[in-house]
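This report concerns only the one structure given below.
Below, chains carry the letters A, B, ... as their sequence lines are ordered, and counting in each starts from 1. Every heavy atom of this structure was used, including side-chain atoms; hydrogens, water molecules and symmetry mates were not.
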2 protein chains.
Amino acid sequence: MSRDANADNGMRPALIEAAARLIATEGAAGLKLRRVAEEVGTSTMAIYTYFGGMPELRRAVRQEGFARLATRAEQLGESDDPVADLAGLGLAYHQLAMSNPHLYRAMYMEQPLDAVDAAAGSETFNILTAGVQRCIDSGRFDRANAVELATQFWAFGHGVVALRLANLLSAEDALNCSASALLNLFTAWGDDRDAARRSLTRTGRRAARLDLEAATGAATRRGQSD
Amino acid sequence: MSRDANADNGMRPALIEAAARLIATEGAAGLKLRRVAEEVGTSTMAIYTYFGGMPELRRAVRQEGFARLATRAEQLGESDDPVADLAGLGLAYHQLAMSNPHLYRAMYMEQPLDAVDAAAGSETFNILTAGVQRCIDSGRFDRANAVELATQFWAFGHGVVALRLANLLSAEDALNCSASALLNLFTAWGDDRDAARRSLTRTGRRAARLDLEAATGAATRRGQSD
DNA sequence: AGCGCTGCTATAACTATGCTATATCAGATC
DNA sequence: GATCTGATATAGCATAGTTATAGCAGCGCT
């Protein structure tokens with residue numbers, strides 16, 4: 001009996017975690033029943049008792065991915081520049097996808113999402129809509145339906161990510177393309193073109209700073225470096 | 001010996017066609033070695049003699065899909081409204097993807113494209129770039145790098161399609177979102193806003209007319225209905 | 001305590017899938 | 001006409017997901 005992290009306790013999360021790790025490291029094809037079981041140190045039956053089968057395990061991994069994405073988006077916080085914050089949401093989306101391409105593919109691209117998955121996916125969209133609404137309320141964007149604008153933003157951002165994942169767009173091209181297109185969209189939505197440009201560069205700088213902090217060490221917790 | 005469409009002759013195309021049909025009707029998971037073989041009326045060895053294995057068969061199906069897409073884009077032709085033609089390219093892309101979601105997913109989303117696939121995929125992008133260049137040359141768009149503009153267009157269009165395939169966007173929302181965003185982008189690229197609007201409605205009408213013709217019958221060959 | 005019930009786990013077996021080895025056969029070449 | 005080449009059919013192997021079954025731990029009840 002070699003049970004480490006199971007009992008009636010953390011078996012389910014452990015299986016999800018192992019499955020997510022397998023997908024992340026080896027792709028969707030690397031997620032095999034027997035493999036997950038042996039990673040967790042249990043038998044193959046565990047997947048059936050806790051999930052019902054592999055499809056349900058995969059779904060649980062997707063849900064976990066959506067939850068992580070929403071968490072990441074929420075912890076970004078709000079500065080006094082709502083347009084920069086909006087661009088930051090897009091950038092975070094992009095970075096998360098690039099740092100975990102297999103998981104992202106499993107979440108959005110492997111199959112049409114059913115109602116449950118779509119609900120989880122829409123949660124992040126609501127965060128995006130709120131970000132757009134802030135831009136409208138602050139007067140940077142003209143009054144408009146925030147959902148419609150957010151949809152345009154989302155479609156573009158998702159497209160860039162999809163092309164990146166498909167290996168059809170280089171990192172550099174993605175950056176240039178995004179900067180130009182977002183500038184165009186923000187301007188069309190009512191923002192001053194120069195103000196929009198400043199917000200975009202602000203987002204870029206902030207991202208670079210966060211990257212630096214992350215690279216330097218665990219300095220993210222303390223606000224020491226500025 | 002029940003060989004119908006093989007010999008050293010049409011075996012390869014027959015296998016590709018059967019494989020594409022299986023993907024189209026049952027999804028990527030429905031493409032199984034033995035299934036393809038029995039559809040064509042041969043043994044499983046045929047896949048190995050003509051392709052080397054299932055991965056290579058899948059690749060051949062992707063290439064076939066890219067070729068069909070390029071053909072479709074080229075046969076669209078050029079009217080005297082290059083902006084409407086450009087929008088028409090995007091619409092055709094969308095429609096082809098929606099009419100064959102499984103194949104489209106297999107082409108763009110299942111895995112990062114290798115060099116061979118990326119080359120085939122870029123072919124359609126070149127058509128798009130040419131369409132943008134026409135808009136620039138005609139004076140509708142400001143002088144700019146056609147590739148950069150085409151990339152923005154492509155990213156957005158691909159994003160809409162990806163969200164549609166993921167079941168995260170309804171047909172209606174996709175239409176509204178595309179119309180607004182393209183209007184914004186075209187205007188930002190130098191086109192007169194009202195002219196851009198007219199071009200977009202023109203594309204919509206043309207698409208509706210083609211749909212009607214297709215629904216009515218094979219009237220596409222003859223120009224009888226108008 | 002003893003009993004039995006409930007639910008999780010391990011093992012083994014079943015089916016299907018991709019792939020490989022091998023024998024057979026058709027057509028080409030000299 | 002003999003031989004050689006290349007494609008095909010058949011059979012078999014390894015691995016995948018899934019299912020059936022037996023065992024076992026924990027719990028409540030008498």
In whole angstroms, how far is the [atom2] atom of [N] from the [atom1] atom of [X]?
{"X": "B:M11", "N": "C:dA26", "atom1": "CE", "atom2": "P", "value": "16 Å"}
{"X": "A:Y50", "N": "C:dC8", "atom1": "OH", "atom2": "P", "value": "6 Å"}
{"X": "B:I47", "N": "D:dA9", "atom1": "CD1", "atom2": "C1'", "value": "13 Å"}
{"X": "A:F51", "N": "D:dT18", "atom1": "CZ", "atom2": "P", "value": "13 Å"}
{"X": "A:Y48", "N": "C:dA10", "atom1": "OH", "atom2": "C1'", "value": "15 Å"}
{"X": "A:M45", "N": "D:dT18", "atom1": "CE", "atom2": "P", "value": "12 Å"}

### Task
Could you check A:R34 against A:T49 and say which one's nearest nucleotide on DNA chain C is further toward the 5' end?
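Upstream on the strand: A:T49.
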### Task
State which of C:dC19, D:dT8, D:dT18 makes the closest approach to the side chain of B:T42.
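Closest nucleotide among those given: D:dT8.
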### Query
Residues in side chain to side chain donor-acceptor pair (under 3.5 Å) with B:S170, at least two apart?
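Partners of B:S170 by the side chain to side chain donor-acceptor pair (under 3.5 Å) criterion, ordered by chain and then number, come out as B:D173.
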### Message
Salt bridge check, A:E26 against A:R35: does any charged N sit closer than 4.0 Å to a carboxylate O?
### Response
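Yes, this pair counts.
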### Message
Salt bridge or not between B:E78 and B:R134? Use side-chain N to carboxylate O under 4.0 Å.
### Response
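Salt bridge: yes.
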### DNA chain C contacts among residues 22-33 of chain A, heavy-atom distance under 4.0 Å
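Those residues whose heavy atoms fall under 4.0 Å from DNA chain C, taken from residues 22-33 of chain A, amount to none.
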#### Entry: Partner set under salt bridge (Lys or Arg N to Asp or Glu O under 4.0 Å) for A:D117, not counting sequence neighbours
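A:D117 satisfies salt bridge (Lys or Arg N to Asp or Glu O under 4.0 Å) with A:R62 only.
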### Query
Aromatic rings B:Y93 and B:Y108: how do their planes relate, parallel, tilted or perpendicular, breaks at 30° and 60°?
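Aromatic pair B:Y93/B:Y108 classed perpendicular.
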### Message
For the CD atom on B:E56, are there more than 12 heavy atoms of other groups (residues, nucleotides or ligands in this structure) within a distance under 6.0 Å?
### Response
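Check passes, neighbour count above 12.
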